[in-house]
There are 2 protein chains.
Amino acid sequence: MPYRETEHTLAKKADTRLRLLKAARRLVQQGGFTAASASAVAKESGVASGTIYRHFPNKSELVAEVFRYATEREVAAVAQACDAQTVDSQGLDSGKTAADKLTAAVETFAQRALLGRTLAYALIAEPVDPRVEQERLRYRFAYAEIFEDVIALGIQRGEFVAQNCQITAAALVGMLAESLVGPLKKEHAHEHDDLVRSLTALVLRAVGFNSSFKNRNKNKNK
Amino acid sequence: MPYRETEHTLAKKADTRLRLLKAARRLVQQGGFTAASASAVAKESGVASGTIYRHFPNKSELVAEVFRYATEREVAAVAQACDAQTVDSQGLDSGKTAADKLTAAVETFAQRALLGRTLAYALIAEPVDPRVEQERLRYRFAYAEIFEDVIALGIQRGEFVAQNCQITAAALVGMLAESLVGPLKKEHAHEHDDLVRSLTALVLRAVGFNSSFKNRNKNKNK
DNA sequence: GTCTATACGTCGATAGAC
DNA sequence: GTCTATCGACGTATAGAC
């Protein structure tokens, strides 16, 4: 009787793969990418080291996948922070301004990073394999796309000064990432709130937020 | 007669080392770090490939050294742009404002990058060996230190709003680096001037430049 | 400079799914 | 009976300690 792949075997295989990813992510969370050695991942996920290479062609690919797995959560959180409550449960526009959205995005990004410093540092700045660095570039662009929309909205609403959205969006990504690198390395970053406030202020200045803007169109869709 | 290192042999050795570095830098300039393979470097500098390893312990170290060699120029150019002409040949303060300095720094960084796009991309964003990535982190901090002084000056002079200089300085480094990544990859970036203008405006907004600032202390040291 | 530790990746054997 | 997943020791490269 010839061997065939069935639903069951495939599901099991996918399951093992996921276990490996989750185990690796835990290790990165605790000690950065350097802590996610092949043998450590194997141990953490309860398989033999050789098994890893039945699911990933090499270490770089495993790590790149872990990077995506972890970063996608962050991107999603920021994206959600921008859109959240723009439209409430009754389908009414809550009148969230572009400045509100941008502030929420910055706070979300920064606070998540500061609460999981090791993971954040690993995702943002830890020197890693070029293969993983490639993924970093992609995801920075993903963040930029989110910001771009918000900036365009802000300009359209007259909250922000006219500007090239793409440039500013990329710049915001750089600002956030780079300004967090230092604090993420230090041990006692208990001035979280100060830092977040500084960052939001900085970002709002950068986009040319007109602080006299009074949300003139508030509730215009009601 | 036992072999001894003489002045002459040492000088020759240093000379070869420098030739290797310069050759590698040329290659990076033309094709990024991927183009600077060991064999290519050997060919370009007219030595046998094995000779490289008499001057550098391994490829990573060679590349890291090239990175430093190239980046130090850039940092120096930016530092000089900040300080230039603050004091003229007669020892008189030319009254350069912090905004002037910051603008000069941004223009210098961006224009140099746009004129040597391949090299700039390699130094700023190309996925590279972790050993080299480590150097990137260092140099980003070097840039930040330059900016920090200028920002502190601007605050002190009342040109910029009060803020945490370290955070802003790091953020500026990130802004510049990240906003150039996209443009540096594209072929026809003939909107150089537009980009540079956008960047300077963005940076001045970020530091909270008070555009009504009239350089009240101009020439106060005359 | 040698020695030890640890890293990645491979391999033949084994167990088990089909 | 045929194929695959898993194991875990092993080969090889490299880094750090002494």
Side-chain angles (χ1 to χ4, degrees), chain A residues 1-70 118-119 121-123 125-136 185, chain B residues 2-5 9-10 13 17 20 24 33-34 36-42 48-68 127-138:
Chain A
M1 177 179 177
Y3 178 87
R4 294 268 165 97
E5 281 183 334
T6 66
E7 229 177 85
H8 180 246
T9 60
L10 284 176
K12 204 167 179 185
K13 187 166 180 175
D15 178 65
T16 305
R17 189 186 154 90
L18 193 61
R19 280 209 353 257
L20 285 165
L21 286 175
K22 285 187 174 174
R25 199 173 67 87
R26 271 197 302 277
L27 291 168
V28 173
Q29 230 163 21
Q30 286 163 15
F33 284 109
T34 54
S37 69
S39 62
V41 172
K43 199 174 190 179
E44 176 79 12
S45 55
V47 303
S49 64
T51 302
I52 291 175
Y53 298 95
R54 300 244 131 219
H55 297 272
F56 303 93
N58 52 53
K59 174 89 188 300
S60 296
E61 280 304 321
L62 163 64
V63 177
E65 183 90 22
V66 173
F67 184 91
R68 285 192 290 268
Y69 183 63
T118 310
L119 178 61
Y121 179 78
L123 298 182
E126 184 182 350
V128 286
D129 193 76
R131 179 68 189 76
V132 180
E133 197 63 40
Q134 218 181 328
E135 299 297 325
R136 259 197 200 133
K185 277 199 290 203
Chain B
Y3 178 84
R4 293 267 163 88
E5 283 182 333
T9 61
L10 283 177
K13 187 165 182 180
R17 188 186 155 91
L20 286 166
F33 284 109
T34 53
S37 67
S39 64
V41 172
S49 62
T51 304
I52 291 176
Y53 297 96
R54 304 197 73 83
H55 298 272
F56 303 93
N58 53 53
K59 172 95 187 299
S60 296
E61 277 305 321
L62 164 63
V63 176
E65 183 88 23
V66 172
F67 184 91
R68 285 192 290 269
V128 287
D129 193 76
R131 179 70 190 73
V132 180
E133 196 64 38
Q134 221 179 329
E135 299 298 325
R136 256 194 202 137
L137 284 176
R138 281 218 216 323

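Chain naming here is simple, since letters A, B, ... match the order of the sequence lines and numbering starts at 1 in each.
For the pair A:T9 and D:dT4, the criterion of a side-chain N or O lying under 4.0 Å from OP1 or OP2 is not met. A close approach under 4.0 Å does occur between a side-chain nitrogen or oxygen of A:T51 and OP1 or OP2 of D:dC7. For A:T16, a side-chain nitrogen or oxygen approaches OP1 or OP2 of D:dT6 to under 4.0 Å.
The CZ atom of B:R136 sits 13.0 Å away from the CZ atom of B:R131 when rounded to the nearest 0.5 Å.
Backbone-only engagement by A:K13 is indicated by non-hydrogen atom pairs under 4.0 Å involving sugar-phosphate atoms exclusively. Nucleic acid contact for A:S49: base, since at least one base atom lies under 4.0 Å from a heavy atom of the residue.
Under 4.0 Å is where a charged nitrogen must lie from a carboxylate oxygen, and between B:R17 and B:E65 at least one such pair does.
For the pair A:E126 (side chain) and A:T34 (backbone), a donor-acceptor distance under 3.5 Å is present. A donor-acceptor contact shorter than 3.5 Å is absent between the side chain of A:T9 and the backbone of A:E5. Of the possible donor and acceptor atoms, none in the side chain of A:Q29 sits under 3.5 Å from a partner among the backbone N and O of A:T118.
Of all nucleotides listed (C:dC18, C:dA7, D:dC7), C:dA7 comes nearest to the side chain of A:S37. Distances were taken from every side-chain heavy atom of A:Y53 (C-beta onward) to each of C:dG9, C:dC18, C:dA7; the shortest belongs to C:dG9.
Separating the NZ atom of A:K43 from the C1' atom of D:dG8 is a distance of 14 Å, rounded to the nearest angstrom. At whole-Å resolution of the value, CG in B:D129 and P in D:dT14 are 12 Å apart. Following rounding to the nearest Å, A:H8 (NE2) and C:dA17 (P) show an atom-to-atom distance of 8 Å. Between the CZ atom of A:R54 and the C1' atom of C:dG12 there is a distance of 12 Å, rounded to whole Å. Separating the CZ atom of A:R4 from the P atom of D:dG1 is a distance of 18 Å, rounded to the nearest angstrom. Atom NZ of B:K59 and atom C1' of D:dA13 are 17 Å apart (whole Å). Per the geometry, CZ belonging to A:F33 stands 16 Å off P belonging to C:dA7, to the nearest Å. In this structure, NE2 of A:H55 is placed 14 Å from P of D:dT4, rounded to the nearest angstrom.
Nucleotides of DNA chain C nearest to A:P57 and A:T34 differ in position, and the one nearer the 5' end is that of A:T34.
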